[in-house]
2 protein chains.
Amino acid sequence: MSTLKDIAKEVGVSVATVSYVLNNSGSVGEDVKKQVLAAAKRLDYRPNRRAQAMRTGVSQSIGLVLPDLTNPFFPELAQSVENEARKRGLAVVLVDSQNNADAETQGLAILQQHGVDGIIWCPVDDQVIQKATPLNCPIVLIDRPSQGFDVVHSNYRLGGALAAEHAIAQGHTHVGILCGPRNIDSAEQRRMGFCERAAGKLTIAWEIEVPYATSLNNDAFSALSSGKASLVFAADDLIAIGAINYLNDKGIKVPDDISIIGFDNIPWAELVRPKLTTISQPITDIGRASVDVLLQKLQNPAKVACAIVLDVKLIERDSVAHRRTTV
Amino acid sequence: MSTLKDIAKEVGVSVATVSYVLNNSGSVGEDVKKQVLAAAKRLDYRPNRRAQAMRTGVSQSIGLVLPDLTNPFFPELAQSVENEARKRGLAVVLVDSQNNADAETQGLAILQQHGVDGIIWCPVDDQVIQKATPLNCPIVLIDRPSQGFDVVHSNYRLGGALAAEHAIAQGHTHVGILCGPRNIDSAEQRRMGFCERAAGKLTIAWEIEVPYATSLNNDAFSALSSGKASLVFAADDLIAIGAINYLNDKGIKVPDDISIIGFDNIPWAELVRPKLTTISQPITDIGRASVDVLLQKLQNPAKVACAIVLDVKLIERDSVAHRRTTV
DNA sequence: GCCAAAAGATTAAACGATTAAGCTTTATCA
DNA sequence: TGATAAAGCTTAATCGTTTAATCTTTTGGC
């Protein structure tokens, strides 16, 4: 890799002059400017970002800290963040904590040592955000709001409401909820949104808490096969797919015997049979928005923290049936 | 963030001394050593990696260049690489080229500017590897072998053979192949492995080339519904799932009417119904092996290029039926 | 023709680390 | 005792940039 020095030697000027023309600053004669530009191209000069970072304090890189790439919500997010960042010439340093707080801490330390300019972070849990302060660099949270931090997430409450509305519109009266971890805000919001809109119109036959995964627990199984609900609202698509598969294996037909609504609209939703009716999160927009916000914060560190809440929408597919009669 | 200088001032010695104790080099008195270590802990000192990189030329970071995180093969790989790298204190800079050669080039340029120590790379296509040389840093290829480069991939030929063997063992005689892009080596190897082992035992009723995706083309559709094959070998699970879904939608039963074998054993394979019988790639091992090889190359740049070929295995699930009679 | 200002270039310090070389002080040994 | 070595520490250069400060030359105005 050629350096400023190489160009300077080639043209016969000082490195400062070369730096000035490459940055369009200082005052340099047209003639020299042309020569420098030509030499830079000829030598295929690329600025050494770490030297720049050293001097200016900005590294042109951001950190992306995710809990689990294996959860199909995140690859799309990562892709979106990476793309948006690359468009702006930023490098993305990836950390996948595998849902482990210690790993996350270690990952954050690495980001800090490398001096990323800012971090886009979906923390493994809510408590762990305390570790953010000593990081001492702008942070944008994904999905998990926290006092004093910028955050971008979907309108989960609206999503829950949309699901309830759909259930009502399709003539269901008795529903079950497979809700996610109650201590995770984004899961709780979905539940609340659903319940609020359901109030007075839907009777909630049962409500079971399960982890975000396709493997459900026995409580969920017995609730699903109890026949008390004609529709179940799952806190995310993974859970919904887990439910569909369980019911399928049991010989209970979806949606004829029981309807399922998911949440997230992960790619699998369209691949599973029946195709999953679900609430779609604008994952790509979330990624884009989060780097936007981060960049704003970088330009103006005094910026007051804000929440960006993106609309969700119902994607009707084949896992919800219309009901004439009540259960 | 505190620096060597801060520690030096605190203890009252020179930065050189501090550096020596922190690196266990030079000769420093026990007393000073203790004081420095204590001060370092007290001030929560973390080495500034970019300054280290500046001076030593090694940045403690690697690049990971992937064609598409949305393809379910890659998230697991990325996770594995990140984890293995983090264990060793390395940062991972992610590039997702979205199957676009220009984006990939841009991503590689960013990696270069940031001075990653090496790159783990699954190129969007075979030609594009030419761009590697000017990068001038160790590269380990994933999945796509190329003259003079280290590479790690699965034993695709074996995988194809395993699939053929299974077809034979289950009594099939007429099979179809949904093969991946012929210009991609890893796809071609699967096909060849299958055909070699099939020779003389299986008659290949048809062979259709499709892209790595769940959306199949019309040629594939008509072949699938032609009834000429009782089993089809799909070049990857995405294709297999596309086939299953098409057949399902058509009312053709899998595996009763037609059996399907996939390749990759992506997470979806277990979620789709019928559960997919497939050839499993050891994705996590591939990730681990690739950072291993990269690190070897870093320690010894003269290391001769090698290929690491990892065994695959057949995962029997529900998409292949046993046949008594021939078609 | 002279002075001030602008234009065009250079010098040198700084960012935070590493490390060869140099300088003291103390210990070793004939 | 005096030379030599070892131990313990500091100085200063260096990596590739940026940028304030400085210097020199040209230009313009009166």
Side-chain angles (χ1 to χ4, degrees), chain A residues 1-37 39-40 43-61 89 91 109-110 112-117 136-137, chain B residues 1-37 39-40 43-61 89 91 109-110 112-117 136-137:
Chain A
M1 289 250 293
S2 54
T3 70
L4 286 192
K5 210 197 264 181
D6 298 326
I7 300 182
K9 205 173 295 172
E10 183 93 348
V11 179
V13 293
S14 72
V15 291
T17 302
V18 176
S19 175
Y20 283 131
V21 356
L22 261 22
N23 292 308
N24 257 326
S25 55
S27 83
V28 183
E30 281 308 316
D31 189 42
V32 171
K33 215 175 246 181
K34 258 178 214 146
Q35 281 184 266
V36 167
L37 257 14
L43 299 179
D44 189 33
Y45 170 77
R46 319 265 174 112
N48 179 327
R49 299 266 174 227
R50 31 190 213 213
Q52 287 183 324
M54 189 85 288
R55 179 64 229 246
T56 63
V58 347
S59 67
Q60 308 263 48
S61 67
I110 291 184
Q112 191 183 19
Q113 291 177 16
H114 280 271
V116 295
D117 295 330
N136 194 24
C137 81
Chain B
M1 289 251 294
S2 54
T3 71
L4 285 193
K5 210 197 264 181
D6 297 326
I7 301 182
K9 204 173 295 171
E10 183 93 349
V11 179
V13 293
S14 72
V15 291
T17 302
V18 176
S19 176
Y20 283 130
V21 356
L22 261 23
N23 292 309
N24 258 328
S25 55
S27 83
V28 183
E30 279 308 317
D31 189 41
V32 171
K33 216 175 246 182
K34 258 179 213 145
Q35 281 184 266
V36 167
L37 257 14
L43 299 178
D44 189 33
Y45 170 78
R46 317 265 175 110
N48 179 327
R49 298 269 174 228
R50 33 189 210 212
Q52 286 183 323
M54 191 82 289
R55 179 64 228 249
T56 63
V58 348
S59 67
Q60 308 262 52
S61 67
I110 291 183
Q112 191 183 21
Q113 292 177 14
H114 280 272
V116 294
D117 296 330
N136 194 27
C137 81

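Heavy atoms only: backbone and side chains are in, while hydrogens, waters and symmetry mates are out. Residue numbers begin at 1 in each chain, while the letters A, B, ... track the order of the sequences.
We find that NZ of B/K34 is positioned 16 Å from C1' of D/dG8, with the value rounded to whole Å. The CE atom of A/M1 sits 9 Å away from the P atom of D/dG16 (whole-angstrom rounding). Per the geometry, NE2 belonging to A/H114 stands 13 Å off P belonging to C/dA17, to the nearest Å. Distance B/N23 CG to C/dG16 P: 17 Å, rounded to the nearest Å. Here D/dT17 presents its C1' atom at 14 Å from CG of B/N48, a figure rounded to the nearest Å. Put simply, CE on A/M54 is 14 Å from P on C/dA14, counting in whole angstrom units. Between the CD atom of A/E30 and the P atom of C/dA6 there is a distance of 19 Å, given to the nearest Å. As a whole-Å value, the separation of A/Q113 CD from C/dC15 P is 20 Å.
When heavy atoms are screened at a 4.0 angstrom cut-off, A/T3 is found touching the sugar-phosphate backbone but no base atom. Looking at heavy-atom distances under 4.0 Å, A/R49 makes no contact with the nucleic acid at all. Counting any heavy atom pair closer than 4.0 Å across all strands shown, B/S27 reaches a base atom.
Within the model, atoms CG of B/L43 and CE of B/M1 stand 12.0 Å from one another, a figure rounded to the nearest 0.5 Å.
Just one residue in the list A/T17, A/V28, A/L4 forms a side-chain contact (heavy atoms from CB on, under 4.5 Å) with A/L22, and that residue is A/L4.
Closest to the side chain of B/S19, out of C/dT19, C/dA9, D/dC9, is C/dT19. Comparing C/dT11, C/dA17, D/dT17 against the side chain of B/Q52 picks out C/dA17 as the nearest.
Residue A/T17 places at least one side-chain N or O closer than 4.0 Å to OP1 or OP2 of C/dT10. One finds a side-chain N or O of B/K5 lying less than 4.0 angstrom from the OP1 or OP2 phosphate oxygen of C/dC15. Phosphate contact (OP1/OP2 of D/dT17, side-chain N/O of A/Y20, threshold under 4.0 Å): absent. When the side-chain nitrogen and oxygen atoms of B/S14 are compared with OP1 and OP2 of D/dT10, one or more of them lie within a distance under 4.0 Å.
The shortest side-chain heavy-atom distance between A/H114 and B/S61 falls under the 4.5 Å cut-off.
Between B/T56 and B/A16, the residue whose closest nucleotide on DNA chain D is further toward the 5' end is B/A16. Residue whose closest nucleotide on DNA chain C sits further toward the 5' end, between B/V15 and A/V32: A/V32.
Although no hydrogens or angles enter the test, the distance criterion places no donor-acceptor pair under 3.5 Å between the side chain of A/S19 and the main chain of A/V15.
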Legend entry - Step-by-step side chain to side chain contact (heavy atoms under 4.5 Å, CB included) determination, A/R49 to B/R50: CA-CA 9 Å; A/R49 299 266 174 227; B/R50 33 189 210 212; over 6 Å; no

